[in-house]
Every structure is written in C-alpha cells, then in structure tokens.
Amino acid sequence: MKFSLDCLHSWNLEPNQAVALQQSLRGRVRAEPFWDDVASIGGVDVGILNGMGRAAVVRLDYVSLQPLEVAVATEQISFPYIPGLLSFREMPVILKALEKLSGLPDVFIVDGHGIAHPRRFGIASHLGVILDKPTIGCAKSILVGSYQYLAEEVGSQADLVAEGEVVGVALRTRRGCKPVIVSVGHRVDLLSAVRLIMTTVRGYRLPEPCRLAHRFASRVSQHYDKDIKIK
DNA sequence: GCGACAG
DNA sequence: ATCTTGTCGC
Ligand SMILES: [Mg+2]
C-alpha cells in the first residue's frame, strides 16, 4: 500500500446516523472534466455469501484492459441492505481490499451509483471522497429518477432525471440489453464518465473493470477459493 | 398510509 | 446480493 487510506469516519453507525453522514459529506463531491493521462483503471464490486462479504478491486491497464492486479478481501457484513445506504454495507470490506493493492489506479468504476442517489452520495461518490480519487458510478438498475426514449444502438444515451436534475445517464452498452446507469462519483463529470465507460466496454453489458471485479467477488469465485488459492 | 427501492 | 434450468432473441 503506497497510499494513505484514512477513513474520515467510523462505520459503526445506525441508519439514521449514516444518513446524517451522507448529508455532511455530499458537499465535498466534485464533478470536473477528467482528461488526465490514464495509465490504469480500477473496478470495484462486492459479493456476499452467508453474511460474509468479499470485495474485489481489479486494476487494469487502460490501453489493453488486461488486469494488472487483483486484490480481494473478506469480512463479515454487519450493516443491513437499505436502499440509499449501500456504502455502509459494502465499503468496509472494499477498503480492506484496497489496502492490499500495491498502487491505486487513476480512476475507479464502482458497481453502484454515484450522485444518482436520494442525497446525491451513493457508494461511488463515497469512495471517491474517502480516497479523494476520481470515481464513476456504474449501476445495473435505477435507484432514483427516470429516463425515456433510449435507442437500441450501442452507445445510445438518455438523461436520468431525478427531482428535475440530470443525475446520470442511461447508457446502452450492448445490443438487446438493459442499459447501465452511469453517474458522477467524484472528480469526473458526466460527459467524461460516459466516455470512459464506453471506451472500457468490450462486447459485454458491463465495462471490463466492473465485469472483472464482479467475477472475482462472485459466489463462483468464493467457491473456487475453497479448492484453489487465488493469488 | 402505500409503493418504490443500487446491491 | 442470492436462490437456480431452461428458454428466447440477437
Ligand atoms: Mg455489486
């Protein structure tokens, strides 16, 4: 771990305290053009089996999209699943996995929403603020808001609007598939976020960083661990 | 009060 | 998220 990882706050919170914390941190979120020279991209996801969480953080080469490093960590999940409070359930084990990474990627794509959230502070934004690193939210379904008229062609977009504001984009990443919902996490604006997602899609609905992180965090991988060691 | 509701 | 086989469409 060649980077600092200060938690900002405790994770031992009650749901009402978690909501208050989101309200106090939402002001730190930034949305700005992201044009840095990108060397590597990270994918983040969590799988759960019998109450045990397994986080996978994959760092891939930006050009080849080949995995450079995979960090996995497991931890008992304590916080319940409450829509709008996902980060309090998954972040602890994610941070544990991040500590095992030899270096941080230039930007993270997180499975879940960024500001397409009731309080504009979903898990992607939360991770970005904790690390003060660029993050993007890439969710498989809507938490808040709605969109319309999404064309069938790959690359088609439709604004996701919640309470009168554009909080994300429904993006068709694969023909015949439901779109993914892209939103600002931290330090990456929506335009840059959508571009980055499209450039990391390789024939599947999920962009490679998320697809790989999901594979390494999934139940299949967890079972696989029982027989074979994953480095 | 009722329904929606990331993973 | 997870429980789970086949089935339909691109
Ligand atoms: Mg997930």
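None of the values given here were measured: they were computed from a predicted structure.
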Between Ser141(A) and dG7(B), is there a contact of a side-chain N or O with OP1 or OP2 at under 4.0 Å?
yes
Taking Leu150(A) as the starting point, is it possible to reach Val166(A) by hopping between hydrophobic residues whose side chains are less than 4.5 Å apart?
no
Between atom OH in Tyr204(A) and atom C1' in dC10(C), what is the gap in whole Å?
15 Å
Pick the nucleotide of DNA chain C nearest each of Arg175(A) and His214(A); which residue has the one closer to the 5' end?
His214(A)
Protein-nucleotide distance (Leu49(A), atom CG; dC3(C), atom C1'), rounded to Å:
11 Å
Would you call the rings of His126(A) and Phe88(A) parallel, tilted or perpendicular, taking 30° and 60° as the class edges?
perpendicular
Does the pair Asp132(A) and Arg28(A) meet the rule for a salt bridge (Lys or Arg N to Asp or Glu O under 4.0 Å), with working shown?
CA-CA 9 Å; Asp132(A) 192 26; Arg28(A) 299 201 193 186; over 6 Å; no
Nearest-Å distance for atom pair CG/C1', residues Leu206(A) and dG7(B)
13 Å
Between Arg174(A) and Ala217(A), whichever has its closest DNA chain C nucleotide further toward 5' is Ala217(A)
Assign Gly176(A) to base, sugar-phosphate, or nothing according to its heavy-atom contacts below 4.0 angstrom with the strands shown.
nothing
For the residue pair Arg89(A) and Phe79(A), would you count it as a cation-pi contact if the rule is NZ or CZ under 6.0 angstrom from the ring centre and within 45 degrees of the ring axis?
no
For atom CZ of Arg215(A) and atom C1' of dA1(C), their distance in whole Å:
19 Å
Roughly how far, to the nearest 0.5 Å, is CG of Asp45(A) from CZ of Arg211(A)?
13.0 Å
Looking at DNA chain B, which of residues 79-89 of chain A put a heavy atom within less than 4.0 Å of it?
Tyr81(A), Pro83(A), Gly84(A), Leu85(A), Leu86(A), Arg89(A)
Can you get from Leu143(A) to Tyr147(A) by hopping between Ile, Leu, Val, Met, Phe, Trp and Tyr side chains that sit under 4.5 Å apart?
no
Counting any heavy atom closer than 4.0 Å, what does Ile77(A) reach on the DNA or RNA strands: base, sugar-phosphate only, or nothing?
nothing
From C-beta outward on Asp111(A), which listed nucleotide comes closest to its side chain: dA6(B), dA1(C), dC3(C)?
dA1(C)
Take the protein atom CD of Gln22(A) and the nucleotide atom C1' of dA6(B), then report the distance between them rounded to whole Å.
12 Å
Can you tell me the distance, in whole Å, between the NE2 atom of His113(A) and the P atom of dA6(B)?
7 Å
Can you measure Met52(A) atom CE to dA1(C) atom P for me and round it to whole angstrom units?
18 Å
Give the rounded distance in Å between these two atoms: CG of Leu143(A) and P of dA1(C).
15 Å
Run the salt bridge (Lys or Arg N to Asp or Glu O under 4.0 Å) test on Arg120(A) and Glu163(A) for me, step by step, so that the C-alpha distance in whole Å, both residues' side-chain angles and the decisive distance to 0.1 Å come before the verdict.
CA-CA 11 Å; Arg120(A) 309 292 181 265; Glu163(A) 291 141 11; 2.8 Å; yes
Are any of Lys140(A)'s side-chain N or O atoms less than 4.0 Å away from OP1 or OP2 of dA6(B)?
no
